[in-house]
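Numbers for residues simply follow the sequence, beginning at 1. All ligand and atom numbering here is 1-based and tracks the order in the structure. Remember, predicted model here, so these are calculated numbers, not experimental data.
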Amino acid sequence: EPAELERRFEEVIAREERVEPRDWVPDDYRATMIRMIAQHAHSEIIGMQPEGNWITRAPSLRRKAILLAKVQDEAGHGLYLYSAAETLGADRDELTRKLIEGRQKYSSIFNYPTLSFADVGVIGWLVDGAAICNQVPLCRSSYGPYARAMIRICKEESFHQRQGYELLMTMMRGSDSQRRMVQDATDRWWWPSLMMFGPPDADSPHTERSMAWKIKRHTNDELRQRFVDMTVPQADALGVTLPDPDLRWNAEREHYDFGAIDWAEFKRVVAGNGPCNAERVAHRRAAHDDGAWVREAAAAHAARRAERDGA
Ligand code: FAQ
């Protein structure tokens, strides 16, 4: 009985219980969840590239081991999230195809280049910092498999954030030219990090519906403000300047005011015309093509085993 199923679904949401894979859900809920989880998974996988760029050129064995571990964690998050999407009936091959054909999005942030090793630190500090700010509330998201995935992912992200901050503290204690590298990386990543939270609430088509379904627990602007408030004291402690002359404490609001975000740039990047979009997708497509023989061999092995076990 459709009305009864719908009523039960609404009840689960109202009671703050989790929706599970076998439960009936409205088609739009399923589509929204698949979209969000797939975009998140794609972001983790594409997000391996900017930092992966520095693995072979890390300045010490210690930094190389740390960076390798972090990039591997991101692969793990991606695979974990694709599995969560599969619980909603999505097909993993299809999701990958959509990504490499440019038919599904991933986070705008990964379309910017990593020009120096300081970028590795700033990505940990700002990009992982923003990711945590956005994802901690998603541990209470209404879809069970996604909410549970977020718990583990946030723990690892928080470790990533600290390794970035520690790297930057080390560089800030170094030479003038190292301090200049950190400032330059901060200047380039600050505004794109604020864009990670998505369009302003007034221009966000999905927020209202996703808040009502408790998929999202805060709006884009709320989380962006939380991130700014959290990051300003960290910049002070580090001794870098955030590149925004309008950034100042507002005692009345008890929040930092900040300058206008260049939403035209955001739209350009999301539409595929950022500095590295073409390169990122081409690289992912090449990796997928190069891995075809592994998938074929694994499928042949599984088929032979099934035949043997069936016999
Ligand atoms: N980039 O109505 P809304 C990481 C799209 S962290 C590109 O506000 P919604 C960790 C949006 O999809 C990054 N597209 O949408 C890491 C929608 O497009 P559609 C990943 C964006 O879903 C760190 C349209 O604009 N994190 O990977 C962006 O309610 C370091 C309208 O937007 C997540 O995915 C953007 N920045 O809110 C890895 C977290 N913003 O489908 C490696 C989960 C918006 O209508 C290294 N996702 N769009 O064509 C979310 O929290 C939400 O989906 C938002 C967007 C907040 C991203």
Would you call Arg226 and Thr231 a side-chain contact if the rule is heavy atoms closer than 4.5 Å?
no

Ignoring hydrogens, just give me the one of Ser108, Gly164, Ala131, Pro50 whose non-hydrogen atom is nearest atom 36 (N) of ligand 1.
Ser108

Using every non-hydrogen atom in the two residues, find where Gly259 and Asp244 come nearest and quote the distance to one decimal.
N-OD2, 2.7 Å

Polar-atom distance check: Lys216 versus ligand 1, any N or O pair below 3.5 Å?
yes

Is the terminal nitrogen or CZ of Arg188 (NZ for Lys, CZ for Arg) located under 6.0 angstrom from the six-membered ring centre of Trp190 and within 45° of that ring's axis?
no

Within ligand 1, which atoms have a heavy atom of Tyr146 less than 4.0 Å away?
43 (C)

Does only the side chain of Met48 get under 4.0 Å from ligand 1, or the backbone, or both, or neither? Count heavy atoms.
neither

His77 vs Tyr82, test: ring-ring contact (aromatic ring centres under 6.0 Å, His included). Steps then yes/no.
CA-CA 9 Å; His77 297 172; Tyr82 284 127; over 10 Å; no

In terms of its nearest heavy atom to atom 6 (S) of ligand 1, the top option of Lys70, Gln135, Glu44, Glu157 is Gln135

Polar contact flag for Asn134 and ligand 1 (N/O pairs, less than 3.5 Å)
yes

If we only count N/O pairs under 3.5 Å, is Arg35 in contact with ligand 1?
yes

Using a 4.0 Å cutoff against the non-hydrogen atoms of Met195, which atoms of ligand 1 qualify?
36 (N)

Using a strict cut-off of 4.0 Å, indicate which atoms of ligand 1 neighbour a heavy atom of Glu51.
46 (C)

Any atoms of ligand 1 less than 4.0 Å from a non-hydrogen atom of Ser204? List them with their elements.
2 (O), 3 (P), 8 (O)

Measure from the side-chain N and O atoms of Arg217 to the backbone N and O of Leu138, and report whether any donor-acceptor pair falls under 3.5 Å.
no

Which atoms of ligand 1 are found less than 4.0 Å from any heavy atom of Gln39?
12 (O), 41 (O)

In short, Arg280 meets Tyr112 closest at the heavy-atom pair NH2-O, 3.0 Å

Side chain or backbone of Phe197 under 4.0 Å from ligand 1, or both, or neither, by non-hydrogen atoms?
backbone

Using a distance threshold of 4.0 Å (strictly less than), state whether atom 42 (C) of ligand 1 has a protein heavy-atom neighbour.
yes

As a test of the contact definition, would atom 54 (C) of ligand 1 count as having a protein heavy-atom neighbour under 4.0 Å?
no

Val127 heavy atoms, cut-off 4.0 Å: which ligand 1 atoms fall inside?
23 (C), 30 (C)

Side chain to side chain contact (heavy atoms under 4.5 Å, CB included) between Phe227 and Asn134: does it pass, once the steps are laid out?
CA-CA 9 Å; Phe227 174 70; Asn134 164 266; over 6 Å; no

Return a yes/no value for Asn220: is any of its N or O atoms, backbone included, closer than 3.5 angstrom to an N or O of ligand 1?
yes

Is Phe110 close to ligand 1, meaning an N/O of one under 3.5 Å from an N/O of the other?
no

Do Arg284 and Thr96 have side-chain heavy atoms sitting under 4.5 Å apart?
yes

I want to check something: taking the side chain as every heavy atom from C-beta on, are Asp257 and Leu247 in contact at a cut-off of under 4.5 Å?
no

Using a 4.0 Å cut-off to any heavy atom of Met196, which atoms of ligand 1 qualify?
6 (S), 36 (N)

Does Glu74 reach ligand 1 with a nitrogen or oxygen that is under 3.5 Å from one of the ligand's nitrogen or oxygen atoms?
no

Short list, please: which atoms of ligand 1 are under 4.0 Å from a heavy atom of Tyr106?
1 (N), 7 (C)

At the 4.0 Å heavy-atom cut-off, does His160 count as touching ligand 1?
no

Salt bridge (Lys or Arg N to Asp or Glu O under 4.0 Å) evaluation trace for Glu166 with Arg162
CA-CA 6 Å; Glu166 190 267 346; Arg162 281 149 192 256; over 6 Å; no

Just let me know how His40 lines up against ligand 1, side chain, backbone, both or neither, with a heavy-atom cut-off below 4.0 Å.
both

Among Gln104, Gln39, Glu86, side-chain contact (heavy atoms from CB on, under 4.5 Å) partner for Leu95
Gln104

Counting only heavy atoms closer than 4.0 Å, does ligand 1 sit against the backbone of Ser210, its side chain, both, or neither?
neither

